[in-house]
2 protein chains.
Amino acid sequence: MGLTKRQQEILDFIRKQVRTHGVSPSVREICHHFGLKGPAGVHRILKVLEQQGYITSIPGKKRTWRPAGGAGRSMPVLGNIAAGIPIDAQEDLVEELPVDTALFGSDDCFGLLVKGDSMVDLHIMDGDIAIIRPCHQVEHGNVAAVMVQGVLPEATLKTVKFHEDGIELHAANPLYEPLTFLGDEARRVQIIGKLAGIIRRNR
Amino acid sequence: MGLTKRQQEILDFIRKQVRTHGVSPSVREICHHFGLKGPAGVHRILKVLEQQGYITSIPGKKRTWRPAGGAGRSMPVLGNIAAGIPIDAQEDLVEELPVDTALFGSDDCFGLLVKGDSMVDLHIMDGDIAIIRPCHQVEHGNVAAVMVQGVLPEATLKTVKFHEDGIELHAANPLYEPLTFLGDEARRVQIIGKLAGIIRRNR
DNA sequence: TTGAAATATGAACAAATGTTCACTACCATT
DNA sequence: AATGGTAGTGAACATTTGTTCATATTTCAA
């Protein structure tokens, strides 16, 4: 079976600390975060997590308790986005990439799994991970992850074009017709974020 | 102006340690690596590197001296490869990507800056970073970084095809003619490594 | 209720480690 | 030779921090 509530909390805290600060927390910093008085309790839990294979340390060395699979900052990859920008949504999380979000210019960047060939003209392929930098507005011609209420069930990559009277969403593939939203219709278009990059892994 | 020899050595060591171990070295570990007796000298240099913006630390906290731009493991990106696999070649190093090499399956992966449109059919664009996993042999049809003595001045991405009597190197672009090497000629083809992935950053 | 497992507390020890200071050595330039 | 920047040595101090032990408290299922 899985982990205890406390064990999970502590594991999450370590991961989050390493992800954001790039430095492992000390045992006492973990204590302080949970309002505990002494390091003993946390230390025992660390031992448990180590035995389960979740974390590692170099015995005796300071600040070496860190996630096992690989230390360092990371970036979440989402399978799809159903509503709004997922802040801490665990549901659609496909994996954590061992990549510093700084690589793509912003701390809140995240990956979005690309499905289908709709962006093939931009050399983005099925299975690629599109890196999205969250924002609410884009310029004419930018590629962005967008959602359209009632039309696109999940966030999709489109080239966004603005006209006097509306918004046009283009797939980068001649096989797909552009979507046009005129007047009030345009309000249904929700910008998730701008395309900041691509990561592809060959099988 | 740049850094002193010692300063550069220490900076490189810190980067390498963080890259491979995921944990910052302690001041004394740095001393030991260079055969120094006391931590004082190194500490002074660390201060210099900090002031220059290369590294950061949380004053007083243990093991918090780490590369400034982003902690965690990283992967070197090379502009071009003139001869053999560059183990520690600093010359052609374009930058360090804050990406764990584990993402692409092997510790010795490195990035190679893609120039030109010769791989456009594989959806690899000018400016992309091709991730190369070093190896000496590839299978028929694999995409690899190759060099050809006297023909290709630097490592280039090609689709490698084997025939009864030789090797054919194809660019993934109809505008480029494939290169054919028959018989003994084939020995001039040197495989640098296999294409493991792509990282693209949009401007 | 009862008992085992998980947690928390308090105290204390030993190491690891950052940091500082004074002094010496080397090296290139003036 | 004098000077100034960079480096190395030795010693010492103060914290941070991992680790352990014994004991109390909570939780939760049998």
Side-chain angles (χ1 to χ4, degrees), chain A residues 1-18 20-68 71-72, chain B residues 1-68 71-72 90:
Chain A
M1 83 117 237
L3 298 171
T4 316
K5 185 186 170 193
R6 250 306 189 251
Q7 294 170 349
Q8 186 66 55
E9 283 177 344
I10 291 182
L11 177 57
D12 287 342
F13 178 69
I14 294 177
R15 285 176 172 163
K16 191 165 186 176
Q17 284 292 303
V18 173
T20 26
H21 294 53
V23 180
S24 301
S26 68
V27 180
R28 281 173 182 76
E29 282 173 354
I30 301 176
C31 297
H32 183 260
H33 179 261
F34 291 103
L36 302 179
K37 302 299 175 60
V42 168
H43 188 262
R44 188 171 9 82
I45 295 186
L46 291 179
K47 289 296 227 182
V48 174
L49 289 175
E50 179 183 38
Q51 199 163 9
Q52 309 254 26
Y54 291 102
I55 58 179
T56 329
S57 88
I58 308 173
K61 300 294 179 76
K62 322 300 181 188
R63 288 179 180 277
T64 57
W65 284 110
R66 57 197 193 284
Chain B
M1 69 115 239
L3 297 172
T4 316
K5 186 187 168 193
R6 247 311 186 250
Q7 294 170 350
Q8 186 66 54
E9 283 176 344
I10 290 182
L11 177 56
D12 287 342
F13 178 69
I14 294 177
R15 284 175 173 164
K16 191 166 185 174
Q17 283 293 303
V18 173
R19 184 198 305 171
T20 28
H21 294 54
V23 180
S24 301
S26 68
V27 179
R28 282 175 183 74
E29 282 173 355
I30 301 176
C31 296
H32 184 259
H33 179 261
F34 291 103
L36 302 179
K37 302 299 175 60
V42 168
H43 188 263
R44 187 166 6 85
I45 295 185
L46 291 179
K47 288 296 226 183
V48 173
L49 289 174
E50 180 183 37
Q51 199 163 10
Q52 309 255 25
Y54 291 101
I55 57 178
T56 329
S57 87
I58 307 172
K61 299 295 179 74
K62 322 301 181 188
R63 287 178 181 280
T64 56
W65 284 111
R66 59 199 191 282
Q90 296 284 333

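Reminder, nothing fancy here: chain letters follow the sequence lines and each chain counts from 1.
- Partners of A/Gln17 under the side chain to side chain donor-acceptor pair (under 3.5 Å) rule, at least two apart in sequence or in another chain, do not exist in this structure.
- One atom, CG of B/Leu3, and another, C1' of D/dG5, lie 15 Å apart when rounded to the nearest Å.
- The line from CD1 of A/Ile30 to CD1 of A/Ile14 is 4.0 Å long, rounded to the nearest 0.5 Å.
- The interatomic distance linking A/Gln8 (CD) with C/dT7 (P) rounds to 12 Å, in whole Å.
- Here the CD1 atom belonging to A/Ile58 is positioned 6.0 Å from the CZ atom belonging to B/Arg63, to the nearest 0.5 angstrom.
- Once rounded to the nearest 0.5 Å, the distance linking CD1 of B/Ile45 with CD1 of B/Ile10 reads 4.0 Å.
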Going 5' to 3' along nucleotides 17-30 of chain D, which nucleotides have protein heavy atoms under 4.0 Å from the base (write B), which only from the sugar-phosphate (write S), and which from neither (write -)? BBBBB---------
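- Rounded to whole Å, the distance from CG on B/Leu46 to C1' on D/dA7 is 13 Å.
- The distance between atom CD1 of B/Ile14 and atom C1' of C/dG18, rounded to the nearest whole Å, is 13 Å.
- In this structure, B/His32 atom NE2 and D/dG8 atom P are separated by 16 Å, rounded to whole Å.
- Atom CZ in B/Phe34 sits about 13 Å away from atom P in D/dT9, given to the nearest Å.
- You'll find the side chain of A/Ser57 stays beyond 4.5 Å of the side chain of A/Leu46, heavy atoms only.
- Across the protein-nucleic acid pair, B/Arg6 atom CZ and D/dA7 atom C1' stand 8 Å apart, rounded to whole Å.
- Rounding to the nearest 0.5 angstrom, the gap separating the CZ atom in A/Phe34 from the CZ atom in A/Arg6 is 6.0 Å.
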